[in-house]
Amino acid sequence: MEKKPYYISTAIAYASKKPHIGNTYEIVFTDAVARYKRMQGYDVFFLTGTDEHGLKIEELAEKEGISPKEHVDRVSDEIKNICKLMNISNDKFIRTTDDYHEKSVQKIFKKLYDQGDIYKGSYEGMYCTPCESFWTASQLVDGKCPDCGRPVQPANEEAYFLRLSKYQKWLEDYIEEHPDFIVPESRKKEMLNNFIKPGLQDLCVSRTTFKWSIPVTFDPEHVIYVWIDALSNYITALGYDPDGSDKMFGKYWPCDCHVIGKDIMRFHSIYWPIILHALGLPLPKQLFGHNWILFGEDKMSKSRGNVIYSDDVVKDFGVDGARYYLLSEMPYNSDGSITYESLIEKYNADLANTLGNLVNRTVAMNKKYFGGVIQAPTVHEDVDDELSAKAVELPKTVEKLLADYKMADTMDAVMNLARRANKYIDETAPWVLAKDEANSARLGTVLYDLLEAIRFIGVMLTPFMPETAEKILDEVGADKRDLASLEAFGGLEAGKSVGEPVPLFARIDADKFIEEAKARMAAQIAEAKAEDEAPEIPELAPEITIDDFAKVDIRVAKVTACEKVKKSKKLLCLQLDDGMGGRQVVSGIAQYYAPEDLIGKKIQLIANLKPAKLCGVESSGMICAADTPDGVKVIFADDSIPCGSKVR
């Protein structure tokens with residue numbers, strides 16, 4: 001019987017610099033889904049790759065004194081190495097500098113132009129180089145890019161545009177009529193309410209101010225912009241060609257799922273569907289927009305030095321230790337968090353104590369009491385039923401959870417069986433049974449049930465922690481390792497022998513590790529500062545009038561008390577003497593100041609800011625601070641200035 005095709009992809013990584021562990025989450029997540037689908041019997045095609053064109057890469061290469069191609073070759077190799085390091089099972093790695101991709105993109109652009117979906121015009125607005133996005137003045141936030149918060153530059157140039165506005169009603173209707181097209185539900189609502197329904201503007205799809213991209217064949221002064229170039233990778237990798245596509249394209253398209261970060265959902269749920277529809281192609285079946293993995297509560301940033309790289313995590317915790325953390329730490333619809341403390345805690349608790357200890361002591365007991373030979377389960381007791389029922393239920397639970405991409409819940413479900421098996425050991429006390437020869441058959445049954453439960457765990461861990469799963473199945477002497485073997489409890493063959501009880505995960509000394517990790521992080525911060533000897537000064541915000549400034553009421557206030565907000569690592573709650581009866585202000589400076597550092601100091605307060613609640617704590621105002629290369633610095637006032645004095 002021919003296998004049913006299943007096509008899944010990641011967003012292609014931008015080849016500007018080495019990705020950090022947060023960037024690696026997406027490809028590990030997608031790999032886990034792809035491996036699971038293969039276990040289910042699908043003919044899986046799993047695509048990942050690199051996006052290698054654009055002004056940012058051109059500028060980086062110039063700064064390094066090398067060609068853009070040399071730059072992207074190096075970074076693309078780094079990304080491939082990370083895929084290999086993380087045991088990623090992708091079927092293809094596409095680069096947007098691949099010859100076949102560039103030729104197909106040129107044909108796609110020409111086809112859209114010939115049928116009137118692309119037209120020539122001019123653009124005047126503000127341009128964000130890191131995001132490769134144009135913005136109007138009204139779209140800017142505090143004069144900066146609304147996506148990344150970085151400075152923008154004025155741009156005025158001739159360009160080609162894609163007629164997004166032509167397809168607005170069609171796209172809105174399509175999303176409404178296909179409720180599972182964009183998941184989670186919150187992403188769909190965000191795209192519809194914040195971007196589509198307010199009105200789509202035609203999209204700039206060519207540039208003339210840089211050359212590192214794919215030339216427009218009929219107008220060589222223009223290069224094809226990222227949207228058509230990068231997004232088309234999902235079909236060019238399958239051999240799509242407007243003049244006649246490969247059989248592979250017909251087999252796998254439409255894609256079953258594009259796995260993408262929440263920050264690029266707009267491009268995939270608006271630009272990409274319209275491009276496909278204009279080409280007369282079916283849309284992908286589903287877009288899954290995942291959240292970010294933060295460092296603590298902040299986005300990872302090389303300039304801050306708060307970056308953790310995949311190879312460092314693998315060196316410290318092993319490949320499957322890293323995979324497990326990434327897959328188990330990201331909630332379904334909120335950001336995950338990574339710190340060295342949480343890495344160690346989860347590794348020791350789940351992998352070393354719960355899983356590793358279960359496997360090791362079960363196999364060791366079977367070796368000790370029965371010479372390693374798996375006994376037939378002949379003496380059943382009621383206590384066995386809950387363990388076997390939980391094991392048989394696990395594959396169904398995982399199937400249901402993964403259908404909704406609830407990866408962290410999936411990992412917890414697998415680990416819950418390990419927890420239940422450890423409890424079963426305490427309930428049955430094999431070491432007590434072993435003291436009386438009359439209990440030998442019962443002891444053999446208990447150990448069989450434990451080994452069989454571990455077999456279930458090993459099979460179900462295969463997509464997520466493939467190397468560990470194989471070791472587990474080897475240790476318990478399992479021949480049956482497929483999903484079909486988990487339909488009933490009892491697939492482990494009696495009379496066979498278990499393997500050697502080798503510890504899977506060694507506990508990590510938390511104190512020693514944290515000390516070394518802090519030293520490594522300090523070195524990264526020093527390196528980041530050295531690379532940024534002349535820190536970029538943010539550009540001025542748009543001009544305001546004296547009347548605008550008069551609307552901001554800045555007062556001098558004294559900090560009378562200060563404490564950390566219980567539900568946040570980032571926030572401090574300050575009690576202020578503002579000369580007007582006092583007030584409470586919450587500020588996100590906990591990582592820069594201890595409460596005692598602020599008590600008694602005078603600060604500058606924006607006193608007429610509308611009150612808000614942060615982590616459930618009322619805040620009436622905002623204290624003034626500055627962003628510096630060394631972090632956030634509060635702007636203190638001279639101690640001689642009376643509280644309540646107005647700053648002007």
Side-chain angles (χ1 to χ4, degrees), residues 5-15 26-27 29-31 33-34 37 42-54 76 79 83 88-109 111-112 132 162 171 174 178 181-183 187 191 203 205 213-214 224-242 244-290 405:
Y6 183 88
Y7 177 23
I8 189 168
S9 71
T10 68
I12 50 177
Y14 195 50
E26 182 176 299
I27 196 165
F29 178 102
T30 309
D31 178 69
V33 176
K37 288 295 180 181
Y42 286 90
D43 177 5
V44 172
F45 185 80
F46 168 21
L47 177 70
T48 191
T50 42
D51 171 12
E52 301 185 9
H53 291 125
S76 183
I79 293 170
C83 291
I88 304 302
S89 64
N90 56 295
D91 297 283
K92 187 168 185 176
F93 189 99
I94 187 172
R95 299 180 58 183
T96 57
T97 52
D98 288 337
D99 181 63
Y100 70 89
H101 172 79
E102 293 189 344
K103 288 179 180 177
S104 184
V105 166
Q106 287 177 320
K107 290 182 180 181
I108 290 170
F109 193 95
K111 177 179 174 66
L112 294 173
E132 300 196 63
L162 177 66
L171 181 61
Y174 185 90
H178 297 79
F181 176 55
I182 301 173
V183 291
R187 300 273 179 271
M191 293 304 109
L203 178 69
V205 290
S213 193
I214 304 171
I224 298 171
Y225 200 26
V226 59
W227 312 125
I228 291 180
D229 174 13
L231 289 168
S232 295
N233 91 90
Y234 303 119
I235 54 177
T236 64
L238 297 176
Y240 172 77
D241 187 316
S245 302
D246 290 349
K247 290 181 181 179
M248 190 177 179
F249 178 75
K251 179 180 181 180
Y252 288 108
W253 191 261
C255 182
D256 289 271
C257 185
H258 289 321
V259 179
I260 51 178
K262 64 180 181 178
D263 51 329
I264 56 172
M265 178 59 83
R266 184 172 80 253
F267 315 138
H268 285 77
S269 63
I270 299 176
Y271 307 165
W272 183 224
I274 287 175
I275 291 169
L276 289 168
H277 184 64
L279 290 172
L281 298 176
L283 272 56
K285 297 174 187 176
Q286 199 162 58
L287 308 174
F288 173 67
H290 63 79
Y405 307 110

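Because the structure is a prediction, the values reported are computed rather than measured. Below, all heavy atoms of this structure are taken into account, side chains as well, without hydrogens, waters or symmetry copies.
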Between V33 and V259, does a side chain to side chain contact (heavy atoms under 4.5 Å, CB included) hold up when you go through it step by step?
CA-CA 10 Å; V33 176; V259 179; 5.9 Å; no
Could you check D51 against I12 for side chain to side chain contact (heavy atoms under 4.5 Å, CB included), going step by step and ending with a plain yes or no?
CA-CA 6 Å; D51 171 12; I12 50 177; 3.7 Å; yes
What's the verdict on side chain to side chain contact (heavy atoms under 4.5 Å, CB included) for Y7 and L238, showing C-alpha distance, side-chain angles and the deciding distance?
CA-CA 10 Å; Y7 177 23; L238 297 176; 3.4 Å; yes
As a quick check of understanding, evaluate side chain to side chain contact (heavy atoms under 4.5 Å, CB included) for H290 and I260, giving each step before the final call.
CA-CA 6 Å; H290 63 79; I260 51 178; 5.6 Å; no
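Separation of the F45 and Y6 ring centroids does not fall under the 6.0 Å cut-off. Between W253 and Y240, a ring centre-to-centre spacing not shorter than 6.0 Å is recorded.
Inspection of the S104 and D241 side chains reveals no N or O donor paired with an N or O acceptor under 3.5 Å. A side-chain N or O of H53 and one of E102 form a donor-acceptor pair less than 3.5 Å apart. Looking only at atom types and distance, the side chain of T48 has a donor-acceptor partner in the side chain of T10 under 3.5 Å away. With 3.5 Å as the limit, one finds no donor-acceptor pair spanning the side chains of H258 and Q286. Looking only at atom types and distance, the side chain of E52 has no donor-acceptor partner in the side chain of T96 under 3.5 Å away.
Annotation: salt bridge (charged side-chain N to carboxylate O under 4.0 Å, His left out) contacts involving residues 246-255, sequence neighbours excluded, comprise D43-K251. Listed by first and then second residue, the salt bridge (charged side-chain N to carboxylate O under 4.0 Å, His left out) pairs that reach into residues 269-284 come to none, sequence neighbours excluded.
Between T236 and D98, every side-chain heavy-atom pair lies at or beyond the 4.5 Å cut-off.
Atoms CD1 and CG, from I8 and N90 in turn, are 12.0 Å apart once rounded to the nearest 0.5 Å. Note that CG of L231 is 10.5 Å distant from CD1 of I108, once rounded to the nearest 0.5 Å. One distance of note links CZ of F93 with SG of C83; it measures 5.5 Å at 0.5 Å rounding.
A ring-ring contact (aromatic ring centres under 6.0 Å, His included) with F267 is found for one member of W227, W272, Y234 and no other, namely W227.
At least one donor-acceptor pair closer than 3.5 Å links the side chain of H268 to the backbone N or O of I264. Between the D91 side chain and the F46 main chain, a donor and an acceptor come within less than 3.5 Å of each other.
Between F181 and Y174, the ring planes are perpendicular. Angles over 60° get that label, and only those under 30° would be called parallel.
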